Amino acid sequence: MQDQIYDCTVIGGGAGGLSAGIYLQRFLLNSLILEKGKGRSVWIQNLTNYLGTAPETPAHKILKQGKEHYLSLNGNYLNGFAEEVFDEGEYFRIKVKTNKKQAEYREIKSKYLIAASGIIDLLPEMDNMRNVYDYAGYNLHVCMVCDGYEMKDKICGLFVNSDERIETALALKWFTSKIIVFTNNSFAISLERQAKLEKHNFKL
Ligand SMILES: Cc1cc2nc3c(=O)[nH]c(=O)nc-3n(C[C@H](O)[C@H](O)[C@H](O)COP(=O)(O)OP(=O)(O)OC[C@H]3O[C@@H](n4cnc5c(N)ncnc54)[C@H](O)[C@@H]3O)c2cc1C
């Protein structure tokens, strides 16, 4: 792997990165996907919004299929964390940590890069974080687009970390009117936002 220059390296082997990799191989390019493991999608215990999959399908099943598909097209896959990228002019040099415990590194060269590294959720600090993983995707949700429907007519606690985020309550109203906004006293709430919550009878 270290001796060649890939046409394109994709950082992230989630749904986005695997789709990119499959298309790169279908364009007869030599690509590599780097995946650090434990991505956000491992939390998805059942996918209820994907066309063509049974609602109880866990995301890891989709990713396994996607990886197999990518490898069947002669794609290259490396478990490792892309730690740094250097622009060397003709190619990018990517420093990849392949062993967390012993800090082993490899250097990958690639003409192009695709960043498909997803997003990171900012979760409220809790004493027992284990709960987050047990409930995530069932009654603890992080995305209104994916999971707003699951809140239909339910009593919903909305955890926000800034005054602006309070606006989410107004969008969530599409699914339920029973909303309690939690701020953990971590910021000042503007009068304007307080008035909006009161107008809709949302508790603060
Ligand atoms: C609890 C929960 C439930 C969800 N439910 C749904 C649902 O039902 N339906 C739905 O459509 N979406 C759902 N989502 C959203 C879902 O996470 C995204 O739709 C999907 O994962 C986005 O794919 P992605 O490839 O863009 O990003 P990700 O899946 O986040 O993939 C990015 C990948 O990049 C890797 N990565 C990041 N940085 C590096 C690095 N430096 N080096 C190497 N690898 C790296 C990560 O390990 C990860 O695997 C849910 C999310 C959560 C948290």
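Order of listing sets the numbers, starting from 1, for every ligand and every atom in it. Computed from a prediction, not measured in an experiment: that's the story for all the values here.
Among Gly17, Ala20, Gly118, the residue whose heavy atom lies closest to atom 28 (P) of ligand 1 is Gly118.
Here the protein heavy atom with the shortest distance to atom 41 (N) of ligand 1 is Ala82 O, 3.1 Å. The nearest protein atom to atom 17 (O) of ligand 1, hydrogens excluded, is given as Arg40 NH1, 2.9 Å; this is a heavy-atom distance. Remark: minimum distance from atom 31 (O) of ligand 1 to any protein heavy atom is reached at Gly14 CA, 3.5 Å. Residue, atom and distance of the protein heavy atom nearest to atom 49 (O) of ligand 1 are Glu35 OE1, 2.8 Å. Nearest protein heavy-atom contact of atom 21 (O) of ligand 1 is Ser41 CB, 3.5 Å. At the top of the distance list for atom 14 (N) of ligand 1, counting protein heavy atoms only, stands Ile44 CD1, 3.4 Å. Of all protein heavy atoms, the one closest to atom 38 (N) of ligand 1 is Ser117 CB, 3.5 Å. The closest protein non-hydrogen atom to atom 24 (P) of ligand 1 is Gly16 N, 3.8 Å.
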For residues 150-162, which side-chain donor-acceptor pairs fall under 3.5 Å, sequence neighbours excluded?
unit_1	atom_1	unit_2	atom_2	d
Glu150	OE2	Thr48	OG1	3.2
Lys154	NZ	Glu150	O	3.1
Ser162	OG	Arg165	N	3.4

Which pairs of donor and acceptor atoms, one on a side chain in residues 196-204, lie under 3.5 Å apart (sequence neighbours left out)?
unit_1	atom_1	unit_2	atom_2	d
Lys196	NZ	Glu167	OE1	3.2
Lys196	NZ	Glu167	OE2	2.9

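Listed by number with element, the atoms of ligand 1 under 4.0 angstrom from any heavy atom of Ala116 are 32 (C), 33 (C), 34 (O). With ligand atoms numbered from 1 in the order given, ligand 1 contributes 7 (C), 8 (O), 9 (N), 10 (C) to contacts under 4.0 Å with heavy atoms of Leu47. Close approach to Leu34 involves these atoms of ligand 1, each under 4.0 Å from a residue heavy atom: 43 (C), 44 (N). Less than 4.0 angstrom separates some heavy atom of Val142 from each of these atoms of ligand 1: 52 (C), 53 (C). Listed by atom number, the atoms of ligand 1 under 4.0 Å from Tyr50 heavy atoms are 11 (O).
Counting non-hydrogen atoms of neighbouring residues, nucleotides and ligands closer than 6.0 angstrom, the CZ atom of Phe182 exceeds 12 such neighbours. Taking a 6.0 Å sphere around OH of Tyr149, one finds it holds 12 or fewer heavy atoms contributed by other residues, nucleotides or ligands. Within a 6.0 Å radius of OH in Tyr135, no more than 12 heavy atoms belonging to other residues, nucleotides or ligands are found.
For atom 19 (O) of ligand 1, no protein non-hydrogen atom is found at a distance below 4.0 Å. By the definition of a contact as any protein heavy atom under 4.0 Å away, atom 52 (C) of ligand 1 is in contact.
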Original post:
Taking it one step at a time, do Leu78 and Arg106 satisfy side chain to side chain contact (heavy atoms under 4.5 Å, CB included)?
Top reply: CA-CA 10 Å; Leu78 177 65; Arg106 279 195 208 186; 3.8 Å; yes

**OP:** Applying side chain to side chain contact (heavy atoms under 4.5 Å, CB included), run through Tyr105 and Glu83 and close with a yes or a no.
**Re:** CA-CA 9 Å; Tyr105 288 92; Glu83 206 173 82; 3.2 Å; yes

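With a 4.5 Å cut-off on side-chain heavy atoms, Leu24 and Ile114 count as touching.
Distances from ligand 1 to the non-hydrogen atoms of Gly80 include at least one value under 4.0 Å.
If you look at Cys143 next to ligand 1, there are no close heavy atoms at all, none under 4.0 Å.
Tested against Thr9, the residues Leu32, Ile33, Val85 include a single side-chain contact (heavy atoms from CB on, under 4.5 Å) partner, Leu32. Here the rule is side-chain contact (heavy atoms from CB on, under 4.5 Å) with Leu34, and of Val10, Ile94, Asn79 only Ile94 fits it.
Put simply, Ile22 and Leu63 are part of the same group of oily side chains (I, L, V, M, F, W, Y) that touch within less than 4.5 Å, one to the next. In this structure, Tyr112 is not a member of the same hydrophobic cluster as Ile11, with clusters built from ILVMFWY side-chain heavy atoms closer than 4.5 Å.
Judged by distance alone, the side chain of Asp163 and the main-chain N or O of Ser190 form a donor-acceptor pair under 3.5 Å.
In terms of polar-atom proximity, defined here as any N/O pair under 3.5 Å, Lys36 does make such a contact with ligand 1. Considering backbone and side-chain atoms together, Asn49 places an N or O closer than 3.5 Å to an N or O of ligand 1. For ligand 1, the polar-atom distance check finds no N/O of Cys146 at less than 3.5 Å from any of the ligand's N/O atoms.
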